[in-house]
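Structure record follows, encoded as structure tokens.
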Amino acid sequence: MNRYCKYHPGAEALWYCSHDGLYLCQQCVDGRNDSLIEARCLLCNQELESSEQGQGGPLWRQLDRYLRYPFAPVLLPLLVLWALLASLVPPLPVMVPVVLLAGLPTWGFARAVMTLRSHPGKARKSNAPGWDCLSDMGGWKAALLQALPVLLVMVPAGFVLMVSVPAGLLIGAVGLLLVPAFWLAIQAQGAEPGSYAAALTYIFSAPRDYAVAALLASVGWLLGVALVAVAVDVMPLPLAQGLAGALAAVWWLALACLCGDILARHGRLWGLDQGGKKVTTSLEERRQRIQLCAGRFDKVLLSTAKTLKSKKATVADWQRYDRLLDITGRDDERRSAAPTYLEMLVVSDAWTEALALLARQRDVEPTWLPASPSLRLALARGIHEQEPKIAVGLLKDLHDRHPDFSELGDAYLLLAKILAEQFGLAGKAEQYLRFVESQCRDAKLRKQVADYRAAWG
């Protein structure tokens, strides 16, 4: 039975966190697409293990599925083609190039199968590639490079079999143990002969899964040789040759399917581009989302509080912090953080949110106003057109509360403008103009006083 991620319903679990005992999908993993790093859990930051999930469990438990895979309707013609041409050629060395030519479509399909299955998202949509994969000329280079190690083992082993059966079987069995590593190298490193040098990497970095592929390559070939040897004794030679061709196609496609699943499981750690969506959100934001899904509000609060102390804090960070304080019932902390939160909203010109926060604070304490005179002035400048009454409350009596405020003249000029233009209280506005005129020596402020009187006179 397939396991699914705890925090993303419907997403297949590719990773297991032994620290939390959770099965997680790729979205829950701390990784970047542009670098090769170890997989880590976004919840606890511990290293993750492969869930050995794939399409239904450990690979050795899925061997029957891999052996059935070549008999999919779209792949059956490959078996028939290889079997047919193998049965028609004479039992002489000349048959070798003809039989290899018959295997070309299978090689092309095997490369396409590995490419398809190495992308988990694509593999879920389509179980097997279509025949148009044979028109991919760029893919043929990879297909031929993957076929080369097999031919270098099987062809010499076949000729040795004519002289010494045990020696031929030994050469084939040992040589084919390395074939999956070469196939994985070509897919992961690129279709270049130099990719063969990385083959050992895939043997030791995924030893359990690779052992399954190596045994399928080696034991599958031995069983195929045994079946053909029996068939030669009990049926006409053309039919035995046809059976050999069909078995070769089954073996080739089954091994490609298995190697594709190994790439899907470990390709990310091998640097293979698996066609996943690019990560557009920051690591911290992704981690917080998963922690919120897990109900770990305290951890999110701590990490958000650290973010707020940095210069990179945004309005969204403050909104998240405010909601978390509300959810966790920390009302005192929420009220004490309100002035700093309000300042961030004012700096960001988020006037609607600022008014909502001010109203929330005044619901608890009707006379509450920001303590900072500069914050009051900045807020009044932003809201005086839509909420002139609140702006008046923010600015009046500043000379009593903050007589040394350096921008007191600007504050009272704004207050006078609001009273005269939005409330029609020119007489009241004149009182503040006189205060500015008598207390401020700034020529610019005095000129504004004169301009306002001329406009309202």
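- The heavy-atom pair separating Pro105 from Leu78 by the smallest distance is CB-CD2, 3.6 Å.
- Of all non-hydrogen atoms in Cys259 and Leu184, the two that sit nearest each other are O-CD2, 3.6 Å.
- Residues Leu134 and Trp140 form a side-chain contact, since some pair of their non-hydrogen atoms from C-beta on lies under 4.5 Å apart.
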Quiz item: Checking salt bridge (charged side-chain N to carboxylate O under 4.0 Å, His left out) for the pair Asp363/Arg360: CA distance, chi angles, key distance, verdict?
Solution: CA-CA 5 Å; Asp363 284 342; Arg360 188 184 78 199; over 6 Å; no

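- Panel note: side chain Thr304, backbone Leu301; no donor-acceptor pair is recorded below 3.5 Å.
- Side-chain atoms of Asp322 and Gln319, non-hydrogen and from C-beta on, never get closer than 4.5 Å to each other.
- A salt bridge links Asp261 with Arg65: at least one charged nitrogen is closer than 4.0 Å to a carboxylate oxygen.
- Glu407 contributes no side-chain N or O that, together with a main-chain N or O of Pro373, makes up a donor-acceptor pair within less than 3.5 Å.
- In this model, a donor atom of one side chain and an acceptor atom of the other lie less than 3.5 Å apart for Ser205 and Trp270.
- Put simply, the side chain of Pro339 reaches to within 4.5 Å of the side chain of Trp368, judged on heavy atoms.
- Rounded to the nearest 0.5 Å, atoms OG1 (Thr106) and CG (Leu75) are 9.0 Å apart.
- No side-chain donor-acceptor contact under 3.5 Å links Ser218 to the backbone of Leu215.
- Looking at His399, Gln439, Lys396, Lys417 one by one, the single match for side chain to side chain donor-acceptor pair (under 3.5 Å) with Tyr412 turns out to be His399.
- Note: Trp107 and Trp252 have parallel aromatic rings, judged against thresholds of 30 and 60 degrees for the angle between ring planes.
- Under the 4.5 Å side-chain criterion, counting only non-hydrogen atoms from C-beta, Trp221 is not in contact with Val179.
- For the ring-ring contact (aromatic ring centres under 6.0 Å, His included) criterion with Phe109, the lone passing option out of Trp131, Tyr69, Trp82 is Trp131.
- Nearest heavy atoms, Met344 versus Ala313: CE-O, 3.7 Å.
- For the pair Arg381/Asp410, a side-chain contact is recorded, criterion being any heavy-atom separation below 4.5 Å from C-beta on.
- A donor and an acceptor atom, one from each side chain of Gln189 and Tyr202, are located under 3.5 Å apart.
- Between Val436 and Tyr452, every side-chain heavy-atom pair lies at or beyond the 4.5 Å cut-off.
- Within the 4.5 Å cutoff, the side chain of Arg111 has heavy atoms near those of the Asp136 side chain.
- Summarising the geometry of Leu395 relative to Arg376, their closest heavy-atom pair is CD2-O, 4.4 Å, with the distance given to 0.1 Å.
- Exactly one residue among Val212, Leu255, Asp209, Leu216 makes a side chain to side chain contact (heavy atoms under 4.5 Å, CB included) with Pro180. That residue is Leu255.
- In this structure, the side chains of Leu104 and Leu144 come closer than 4.5 Å at one or more pairs of heavy atoms.
- For the pair Asp331 and Arg335, the salt-bridge criterion is not met [side-chain N within less than 4.0 Å of a carboxylate O].
- A donor-acceptor pair under 3.5 Å is absent between the side-chain atoms of Ser195 and the main chain of Ala191, judged by distance alone.
- Between Leu445 and Gly409 the shortest heavy-atom distance is CD1-CA, 4.1 Å.
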